[in-house]
Amino acid sequence: MADLSVNIGELQMKNPVMTASGTFGYGEEFADFIDISRIGGIIVKGTTLHKREGNPYPRMAETPAGMLNAVGLQNKGVHYFVEHIYPRIKDIKTNMIVNVSGSAIEDYMETAAIINELVNIPAIELNISCPNVKQGGMAFGVTAKGAEEVVKAVRSVYKKTLIVKLSPNVTDITEIARAAENGGADSVSLINTLLGMAVDAERRRPVLSTVTGGMSGAAVKPIALRMVWQVAKAVKIPVIGLGGIMNWKDAVEFMLAGASAVQIGTANFIDPAITVKVAEGIDDYLDRHGYKSVKEIIGALEV
Ligand SMILES: Cc1cc2nc3c(=O)[nH]c(=O)nc-3n(C[C@H](O)[C@H](O)[C@H](O)COP(=O)(O)O)c2cc1C
């Protein structure tokens, strides 16, 4: 058995496999299917300062080798999280990480400051793919200036490991990754969903209530892999890779391309035990190739 442990900032993980936000609830929902303490880290649902109802239905659509979603960050807000959810999940024996979203810089700061006080939450993941409501609704994460500004602001109030999750809906993702690094991020994770759309020809209507939505699943993997490879070369902080990882082989590919850890999203809907299977598959791969530690394969791609 190889050493599967990796570090992201001050976060110590028993293995490099995490769950992606919005696809694994608060972790506890999966406890009947797998021993969730065997997962390296669980990123919980997107959490905002105030309660959000999410978008009207329909907000999911299946696509060839993937799916579109427009859930719209439905959650009960950070205060509810602190009072009702944190007490239930705080003793789960893995890294419980909160994904933080917002529609203004002040929202991100306030939410992050509240979560900073929770002893058993060692990190947050900042979702900067959210529209900046105060500045015309363009997402924070699509300009280097917007990204750096929000990361800097959160860095000033958040003292633990700060992961910044990048949007792939940009011209040059390396520029945004560098902005996050300059703002004080300890790590970047990528990719969030790609903007897509589905049409119902018979009804002459869009399938999703919001017309467009976020594309994820196997179909996005080559794009995510390319972006992880580019970003890993552009920044010094560790990169967390995700987007279309369906099995251990995909995970190994992301790590060879430069990811220090991976996240699994849509695949959880197909197989709730996929995270543990991926960790086992990585272990087998390391043994077969004579590696002592998973760290040896990070960025080991020969180009
Ligand atoms: C139903 C659903 C809900 C999601 N909710 C969030 C969210 O709240 N915050 C976030 O940063 N990403 C969210 N995502 C994006 C995923 O975390 C992930 O970045 C994306 O799905 C790509 O990974 P995958 O192909 O493995 O699913 C969501 C994805 C799906 C499918």
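Indexing begins at 1, ligand by ligand and atom by atom, following the structure's order. Numbers here are sequence positions counted from 1.
In the candidate list Val220, Asn192, Ile128, Asn75, Asn192 is nearest to atom 15 (C) of ligand 1, counting heavy atoms. Around atom 18 (C) of ligand 1, the closest heavy atom drawn from Leu242, Leu73, Ile274, Asp250 belongs to Leu242. Summarising the contacts of atom 14 (N) of ligand 1 with Ser21, Ser101, Gly22, Ala218, the nearest heavy atom is found in Ser21.
Scanning the protein heavy atoms around atom 20 (C) of ligand 1, the nearest turns out to be Thr193 CG2, 3.8 Å. Atom 11 (O) of ligand 1 has Asn99 ND2, 3.0 Å as its closest protein atom, hydrogens excluded (heavy atom only). Looking at atom 26 (O) of ligand 1, its nearest protein heavy atom turns out to be Gly265 N, 3.0 Å. Ranking the protein heavy atoms by distance from atom 12 (N) of ligand 1 puts Lys165 NZ, 3.0 Å first. Of all protein heavy atoms, the one closest to atom 21 (O) of ligand 1 is Ser216 CB, 3.2 Å. Looking only at heavy atoms of the protein, atom 29 (C) of ligand 1 is closest to Asn69 ND2, 3.6 Å.
The contact set between ligand 1 and Ile191, taken as ligand atoms under 4.0 Å from a residue heavy atom, comprises 19 (O), 22 (C). Within ligand 1, counting atoms from 1 as listed, the ones closer than 4.0 Å to a heavy atom of Gly243 are 22 (C), 23 (O), 25 (O). Atoms of ligand 1 found under 4.0 Å from any heavy atom of Ala20, numbered from 1 in the order shown, are 17 (O). Set against the non-hydrogen atoms of Gly244, the atoms of ligand 1 under 4.0 Å away are 24 (P), 25 (O), 26 (O). Proximity to Asn127 (heavy-atom distance under 4.0 Å) selects the following atoms of ligand 1: 9 (N), 10 (C), 11 (O). Within ligand 1, the atoms closer than 4.0 Å to a non-hydrogen atom of Gly46 are 8 (O), numbered from 1 in the order shown.
Residue Gly217 places a heavy atom less than 4.0 Å from ligand 1. Residue contacts with ligand 1 leave out Ile43, since none of its heavy atoms falls under 4.0 Å from the ligand.
Taken from CG in Leu166 to CD1 in Ile176, the straight-line distance is 8.0 Å, to the nearest 0.5 Å. The CG atom of Asp91 sits 12.5 Å away from atom OG of Ser37, with the distance rounded to the nearest 0.5 Å. Rounding to the nearest 0.5 Å places CD1 of Ile264 at 11.0 Å from CD1 of Ile270. Interatomic distance, Leu68 CG to Ser216 OG, rounded to the nearest 0.5 Å: 8.0 Å.
Looking at ligand 1, you won't find any N or O of Thr23 less than 3.5 Å from one of its N or O atoms. Geometrically, ligand 1 and Val71 share no nitrogen or oxygen pair separated by less than 3.5 Å.
Counting heavy atoms closer than 4.0 Å to ligand 1, residue Gln263 contributes nothing at all. At a heavy-atom distance under 4.0 Å, atoms from both the backbone and the side chain of Thr266 approach ligand 1.
Within the 3.5 Å criterion, the main-chain N or O of Gly265 finds a donor-acceptor partner in the side chain of Asn268. For Glu29 (side chain) and Gly27 (main-chain N/O), a donor-acceptor pair under 3.5 Å exists by modelled atom type. For Thr48 (side chain) and Gly77 (main-chain N/O), no donor-acceptor pair under 3.5 Å exists by modelled atom type.
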Hey, mind stepping through Arg155 and Asp186 against salt bridge (charged side-chain N to carboxylate O under 4.0 Å, His left out) and telling me if it holds? CA-CA 10 Å; Arg155 181 76 288 176; Asp186 295 306; 3.0 Å; yes

Before you tell me yes or no, could you show the steps for Lys159 and Glu10 under salt bridge (charged side-chain N to carboxylate O under 4.0 Å, His left out), namely the whole-Å CA-CA distance, both residues' side-chain angles and the distance that decides it to 0.1 Å? CA-CA 11 Å; Lys159 306 302 170 198; Glu10 287 179 6; over 6 Å; no

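Note on ring orientation: taking the six-membered ring where Trp is involved, the planes of His289 and Tyr285 are tilted (angle from 30° to 60°).
By the 4.5 Å heavy-atom criterion applied to side chains, Asn95 and Ile8 are not counted as neighbours.
Counting Ile, Leu, Val, Met, Phe, Trp and Tyr side chains that sit under 4.5 Å apart, directly or through other members, Met60 shares a hydrophobic cluster with Met67, Val71, Phe269.
Shown are Lys45, Arg59, Lys51, Glu53; of these, the side-chain hydrogen bond (donor to acceptor under 3.5 Å, both in side chains) with Gln74 is made only by Arg59.
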